[in-house]
Q: 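Sending over a structure as structure tokens; questions will come in a sec.
The chains referred to below are lettered A, B, ... by the order of the sequence lines, with proteins before strands, and numbering in each begins at 1.
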Protein chains: 2
Amino acid sequence: MSRFAHKPVLELADAHAQGLHSIGEAAKITGVSAKMIRHYETLGLVKPTDRTYANYRVYQTRDIHLLRFIKSGRDLGFSMKQIAILASLWQDSQRSSAEVKKLALEHISDMDERIKSLQQMRQALSDLAAQCHGDNRPDCPILDGLACTHKH
Amino acid sequence: MSRFAHKPVLELADAHAQGLHSIGEAAKITGVSAKMIRHYETLGLVKPTDRTYANYRVYQTRDIHLLRFIKSGRDLGFSMKQIAILASLWQDSQRSSAEVKKLALEHISDMDERIKSLQQMRQALSDLAAQCHGDNRPDCPILDGLACTHKH
DNA sequence: CTAAGGCTTACCATCGTGGGAAGGTCAACA
DNA sequence: TGTTGACCTTCCCACGATGGTAAGCCTTAG
């Protein structure tokens, strides 16, 4: 019953024949887990174009590109909210690159803050650790530092 | 009915008279929210010594110290699991400072990894942003970079 | 036909924190 | 005395991104 059905793809075999992808294939291709692909769908980010008779999700090349776009965004540390905005800009031919750059710079400064905060924690702890003998005795400047309401 | 009841503190007034603290006071003193103080109790970290007749939590100086210890640990980026261990070491006179130092060094190297990862993301994004004009035109190297499965 | 493995939905867990509801208690003031 | 407002109690829900698991259907290879 596959025949030459054209618009609504009806069977998995048809889908494959047309270069379309099941969720598992999309996952392998893009590096986004099937779990996450479904999750992004609930967020309204990636809607599969069709379903097979058996209710399987069917993805087109366009969807694959979008998933890769999302993955790259995550790899760069953008939140899903930011990625949703970026994806809509990506698909908007009327966008201005200034909008995108603004988001990017904001995210960079977020990361700068997080880096700075981590470095400060790291330094403070490392200072304490440097004073600690690390032997069998119980005396421990690290614990003392934690107990003494360090700086504030 | 307050009188001179000694052991189980019965009323809030008694508690105050004995230098004990309600959860709200403990929160103000330690900088840990009442919400979190209750949460730490469910984690088995800080059990109030007593309750008043009205079932209010009553904290002793020892508990205040412990809350401050926890807060310092959080400020240094330790997880609650790590803090639970550190707190038990803190209260264990038989501890060896080596145990504490080991935890600290592990945490430092965790932070180092996170810092490095953030710095890499920051650098990659910043490289893309540097190529972006940020004007009214839609051409955008940032979006191009996200779309083109950047590096992997 | 059967067994393996992919797909579906739906629910729960993480981790630390905050918010809110519904109800009891305390302190101060009229 | 009564009221009011601030505080306390427990219980449940939310975030963000991801993983896990279970029960049940579908597909495909043998």
Q: At 4.0 Å (heavy atoms only), tell me whether B:Arg38 reaches a base, stays on the sugar-phosphate, or touches nothing.
A: base
Q: Nearest of D:dT27, D:dT18, D:dT9 to any side-chain atom of B:Asn55?
A: D:dT9
Q: Using only side-chain N and O atoms of A:Ser33, determine if any of them is under 4.0 Å from OP1 or OP2 of D:dG19.
A: yes
Q: So, OP1 or OP2 of C:dC7: does either fall under 4.0 Å of a side-chain N or O from A:Ser22?
A: yes
Q: Any donor-acceptor pair under 3.5 Å linking the side-chain atoms of A:Asp127 with those of A:Gln123?
A: yes
Q: Can you tell me how far P of C:dG5 sits from OH of A:Tyr56, to the nearest Å?
A: 15 Å
Q: Can you see if the side chain of B:Lys81 gets near the phosphate of C:dC15 - specifically, an N or O under 4.0 Å from OP1 or OP2?
A: yes
Q: Take the protein atom CG of A:Leu45 and the nucleotide atom P of D:dA17, then report the distance between them rounded to whole Å.
A: 10 Å
Q: Quick check on DNA chain C: between B:Arg74 and A:Glu25, whose nearest nucleotide comes earlier from the 5' end?
A: A:Glu25
Q: Using a cut-off of strictly less than 4.0 Å, decide whether A:Arg57 has a side-chain nitrogen or oxygen near OP1 or OP2 of C:dC7.
A: no
Q: When you check the side-chain N and O atoms of A:Thr49 and A:Asp63, is any donor under 3.5 Å from an acceptor?
A: yes
Q: Measure from NE2 on B:His21 to C1' on D:dC7 and round the result to the nearest Å.
A: 17 Å
Q: Any N or O donor-acceptor pair linking the side chain of B:Lys35 to the base of C:dG16 at under 3.5 Å?
A: no
Q: Checking all strands, does A:Tyr40 fall into the base, sugar-phosphate, or nothing category for heavy-atom contacts under 4.0 angstrom?
A: sugar-phosphate
Q: Going through the checks in order, is the ring-ring contact (aromatic ring centres under 6.0 Å, His included) test met by B:Tyr59 and B:His21?
A: CA-CA 5 Å; B:Tyr59 294 98; B:His21 305 280; 8.6 Å; no
Q: Which listed nucleotide (D:dA17, D:dC26, D:dT9) is nearest to the side chain of B:Ile23?
A: D:dT9
Q: Find the distance B:His39:NE2 to C:dG20:C1' and express it as a whole number of Å.
A: 18 Å
Q: Give the C-alpha distance, both sets of side-chain angles, the deciding distance and a yes or no for salt bridge (charged side-chain N to carboxylate O under 4.0 Å, His left out) between A:Arg122 and B:Glu113.
A: CA-CA 11 Å; A:Arg122 195 222 114 95; B:Glu113 272 185 37; over 6 Å; no
Q: Using whole Å, what does the distance between atom C1' of nucleotide C:dG6 and atom CD1 of A:Ile37 come to?
A: 13 Å
Q: Distance check needed: C:dT8 P versus A:Tyr53 OH, whole Å only.
A: 18 Å
Q: To the nearest angstrom, how far is B:Lys71 atom NZ from C:dG16 atom C1'?
A: 13 Å
Q: Rounded to whole Å, please give me the gap between CZ in A:Arg51 and P in C:dC7.
A: 12 Å
Q: When you match A:His16 and A:Ser79 each to their closest nucleotide on DNA chain D, which lands nearer the 5' end?
A: A:Ser79
Q: Check A:Glu106 with A:Lys81, please: is the shortest side-chain N to carboxylate O separation under 4.0 Å?
A: no
